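See structure below.
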There are 2 protein chains.
Amino acid sequence: MMEKSRKTTLSEVAVAANVSPITVSRALRSPEKVSAEARERITRAIADLGYVPDPAARALASGRTDVVGVLIPSVSNNVFSDVLHGIYDGIADSTLSVQLGTTGYSPLAEERLIRVFLSQRPSGLIVAGHEQSPAARRLLAEANCPVVQIMEIGPQPIDLAVGLSHFDGARAATAHLLDRGYRAPAFLGAQMDPRSQRRLAGFREGIRLAGRDGPDRVVTTPEPSSVSLGCRLLADLLARHPEADAVLCNNDDLALGVLFEAMRRNLPVPDRLGICGFNDLEMMAAAQPPLSSIATDRHGMGRMAVHLIRQRHGGTGPARGHALDLGFALRARESTAGRRG
Amino acid sequence: MMEKSRKTTLSEVAVAANVSPITVSRALRSPEKVSAEARERITRAIADLGYVPDPAARALASGRTDVVGVLIPSVSNNVFSDVLHGIYDGIADSTLSVQLGTTGYSPLAEERLIRVFLSQRPSGLIVAGHEQSPAARRLLAEANCPVVQIMEIGPQPIDLAVGLSHFDGARAATAHLLDRGYRAPAFLGAQMDPRSQRRLAGFREGIRLAGRDGPDRVVTTPEPSSVSLGCRLLADLLARHPEADAVLCNNDDLALGVLFEAMRRNLPVPDRLGICGFNDLEMMAAAQPPLSSIATDRHGMGRMAVHLIRQRHGGTGPARGHALDLGFALRARESTAGRRG
DNA sequence: CTGAAAGCGCTTACAG
DNA sequence: CTGAAAGCGCTTACAG
């Protein structure tokens with residue numbers, strides 16, 4: 001029947017529907033501007049011929065594409081995959097598609113990818129964090145599309161931002177540990193990216209506000225985070241600060257590792273050791289004992305980022321410079337129920 | 001200095017380098033065909049003007065793009081995010097980029113996305129699984145680019161396949177449980193996608209081969225998998241089959257939930273209950289007790305899929321119909337050390 | 001090693 | 001509501 005693989009073009013649809021190519025193009029983009037009869041013939045022709053518009057031709061002619069560029073450090077990190085999921089949900093009912101780039105936490109790779117993405121004239125750009133190189137910031141500031149920085153709300157969004165204050169989250173968690181009677185809370189961190197640094201600062205501020213001026217019980221490593229690293233970090237901590245009686249973990253994987261290591265060492269949780277994570281992954285509530293954490297809305301962040309871009313295209317939504325704070329929530333569970341005795 | 005945002009074109013580079021546009025184009029694609037002097041002037045002009053080629057124009061003129069389309073059910077699933085990570089590593093040293101689509105386990109959504117992706121004339125397509133709709137299979141079979149099916153090795157690859165036998169993996173795990181003296185192994189499954197069905201079949205085969213003809217101890221649910229679901233499934237299992245003394249879990253999240261639920265119920269692991277997962281996520285080895293699992297090379301699957309596509313473009317690599325078995329490995333840990341007494 | 005001509009498949013203004 | 005003309009920024013053959 002059909003020619004093997006020569007793809008159908010808009011002109012062929014036009015011939016079949018007995019209209020001009022421009023009318024087909026119009027029927028595709030603004031159907032209401034085309035008469036009902038023409039529209040119907042065109043719709044049928046498209047179906048009959050199996051026509052799919054060529055995005056490259058469209059992009060070249062119109063000067064824009066329907067792609068949203070997304071730049072994150074890594075996909076194999078629950079946090080970012082949740083965000084990504086939210087982004088996909090956000091575009092689901094649209095013609096937008098996602099162009100994903102991973103920077104591996106390298107500002108240089110990020111800058112290069114921004115250049116590549118911008119060359120495609122995207123509908124919008126979503127980038128993780130606020131630590132772009134100066135050149136990258138300039139590119140983004142001059143970009144011809146909405147730019148949304150996600151993960152945290154910074155002091156000075158390049159265009160728009162949606163996230164939360166990691167500093168405040170960690171401070172709240174620290175206050176919670178102190179509230180519950182833990183006397184020597186520590187901080188455990190891996191892969192100390194900017195958000196982690198902010199959490200560490202929030203932890204220290206929490207300690208300071210409580211008027212504690214003991215040692216700075218902090219163990220961090222640049223290694224990528226993992227559950228087994230949580231085990232090791234607890235071991236390190238107890239070697240250096242045997243008096244530590246609670247840990248605020250940079251993320252939930254570490255917290256899970258800490259729990260397992262505490263079990264191995266017969267350190268009762270929460271009686272002898274309090275544990276609090278960050279992000280509140282699903283597993284936290286299911287653990288035994290259930291693990292406390294700071295809940296963040298990663299899926300909502302992704303959705304909202306897309307929403308802001310779509311609003312901007314619709315001429316509505318917040319103006320340049322707006323930072324949307326999605327907040328956080330302390331989920332206090334048994335793992336921080338307090339010391340006994 | 002620079003015009004606000006009018007982008008630099010190849011022709012402008014040509015003028016600056018005092019050559020014709022075709023030569024610039026050639027310098028970009030096959031530098032060895034351009035004289036060293038011309039090449040140098042062009043390189044400098046590109047840097048000076050900050051020129052970035054327009055992928056849309058390139059695609060339209062050449063009839064192909066450098067994008068690899070990737071179709072997976074979901075990004076917020078460790079298994080697929082690991083694969084994705086492998087894919088990104090696979091393209092890292094190339095000019096390829098990834099176009100990611102998520103199907104949400106819907107064959108219809110998958111078919112629609114295949115159509116969209118194909119309309120961009122991709123360099124290759126990577127699709128998860130072998131359950132495409134007949135129409136989708138036809139589209140893929142006639143696609144003008146390499147197509148790699150990942151996750152499992154099926155009987156009849158559309159073009160190429162790379163994965164493992166989930167049936168064999170589950171059967172090996174089941175044999176292991178029986179070997180270790182467990183007398184009444186059960187299977188726990190969630191989100192019973194095709195791979196999960198294969199694992200269940202492998203479990204049943206393992207039981208059959210051992211000559212056990214007791215009850216079919218299987219609890220499954222179509223709900224998405226999670227750690228807390230693992231807790232509930234164990235509760236269900238014990239309500240129906242109190243004699244069950246080991247569980248093969250469809251995946252590691254369930255296994256972790258089972259461990260926590262066993263702890264809550266004071267069921268000693270592995271003495272009273274053996275636990276084995278599937279995939280061997282990083283946390284399994286760190287758990288207390290360490291959890292057994294079937295290790296799969298998800299990252300390698302992604303890398304290999306890209307590798308096959310690149311080989312095909314280089315004119316080498318396996319022929320159409322080839323299925324690459326990456327195998328699996330049983331990681332026997334303490335959680336399946338055997339019953340006591 | 002280099003270039004002039006034609007064209008990829010659409011959309012943008014501009015008319016009517 | 002519909003269409004003829006021009007062009008988006010490249011690359012593909014074809015010459016030389």
Side-chain angles (χ1 to χ4, degrees), chain A residues 3 5-43 45-46 49-67 95 116 118-123 144, chain B residues 3 5-43 45-46 49-67 95 116 118-123 144:
Chain A
E3 270 296 80
S5 96
R6 261 262 310 110
K7 60 183 298 183
T8 312
T9 68
L10 184 143
S11 303
E12 290 164 7
V13 173
V15 170
N18 199 25
V19 291
S20 74
I22 312 101
T23 303
V24 178
S25 171
R26 203 144 26 207
L28 252 23
R29 286 171 297 115
S30 341
E32 73 283 1
K33 292 187 184 163
V34 173
S35 69
E37 306 86 67
R39 211 186 313 146
E40 202 194 325
R41 271 177 290 139
I42 292 169
T43 308
I46 287 175
L49 300 173
Y51 170 68
V52 183
D54 182 329
R58 181 173 274 180
L60 185 56
S62 71
R64 33 179 269 91
T65 58
D66 268 358
V67 342
T95 58
V116 171
L118 247 22
S119 76
Q120 327 206 9
R121 313 193 199 77
S123 281
N144 202 7
Chain B
E3 271 294 79
S5 94
R6 261 263 307 107
K7 60 184 296 182
T8 311
T9 67
L10 184 144
S11 304
E12 290 164 8
V13 173
V15 170
N18 199 26
V19 291
S20 76
I22 311 103
T23 303
V24 177
S25 172
R26 203 146 24 207
L28 252 22
R29 287 171 296 113
S30 340
E32 73 284 2
K33 293 188 185 164
V34 173
S35 69
E37 306 85 67
R39 211 185 312 146
E40 202 195 325
R41 270 176 290 140
I42 291 169
T43 308
I46 287 175
L49 300 172
Y51 170 68
V52 183
D54 183 328
R58 181 172 274 182
L60 186 56
S62 71
R64 35 179 269 92
T65 58
D66 268 357
V67 341
T95 58
V116 171
L118 248 20
S119 76
Q120 327 206 10
R121 313 193 199 77
S123 281
N144 202 6

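Keep in mind that what you see is a predicted model, and the values were worked out from it rather than measured. Below, chains carry the letters A, B, ... as their sequence lines are ordered, and counting in each starts from 1.
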Would you say B:S25 places a side-chain N or O within less than 4.0 Å of OP1 or OP2 belonging to D:dT11? yes
Expressed in angstrom and rounded to an integer, what is the separation of [X] atom [atom1] from [N] atom [atom2]?
X: A:I22; N: D:dA6; atom1: CD1; atom2: P; result: 13 Å
X: B:R121; N: C:dC8; atom1: CZ; atom2: C1'; result: 7 Å
X: A:N18; N: D:dG3; atom1: CG; atom2: P; result: 8 Å
X: A:R58; N: C:dC8; atom1: CZ; atom2: P; result: 18 Å
X: B:L28; N: D:dG9; atom1: CG; atom2: P; result: 16 Å
X: B:K33; N: D:dA13; atom1: NZ; atom2: P; result: 11 Å
X: A:R26; N: C:dC14; atom1: CZ; atom2: C1'; result: 11 Å
X: B:D54; N: D:dG9; atom1: CG; atom2: C1'; result: 6 Å

Rounded to the nearest 0.5 angstrom, the CG-CD1 distance for B:L10 and B:I46 is 8.0 Å
What is the distance from atom CD of A:Q120 to atom CZ of A:R64, rounded to the nearest 0.5 Å? 13.5 Å
Check every strand shown and say whether A:E32 touches a base, only sugar-phosphate, or nothing at a heavy-atom separation below 4.0 Å. sugar-phosphate
Heavy-atom pair of closest approach, residues B:V34 and B:R39: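 Looking at all heavy atoms of both residues, the shortest contact is O-NH2, 3.1 Å.
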Where A:Y51 and A:L28 come nearest, the two heavy atoms and their spacing: CE2-CD2, 3.8 Å
Going by purine N1 to pyrimidine N3 plus the second Watson-Crick contact, or the G-U wobble pair, all under 3.5 Å, which nucleotide sits opposite D:dA13? none
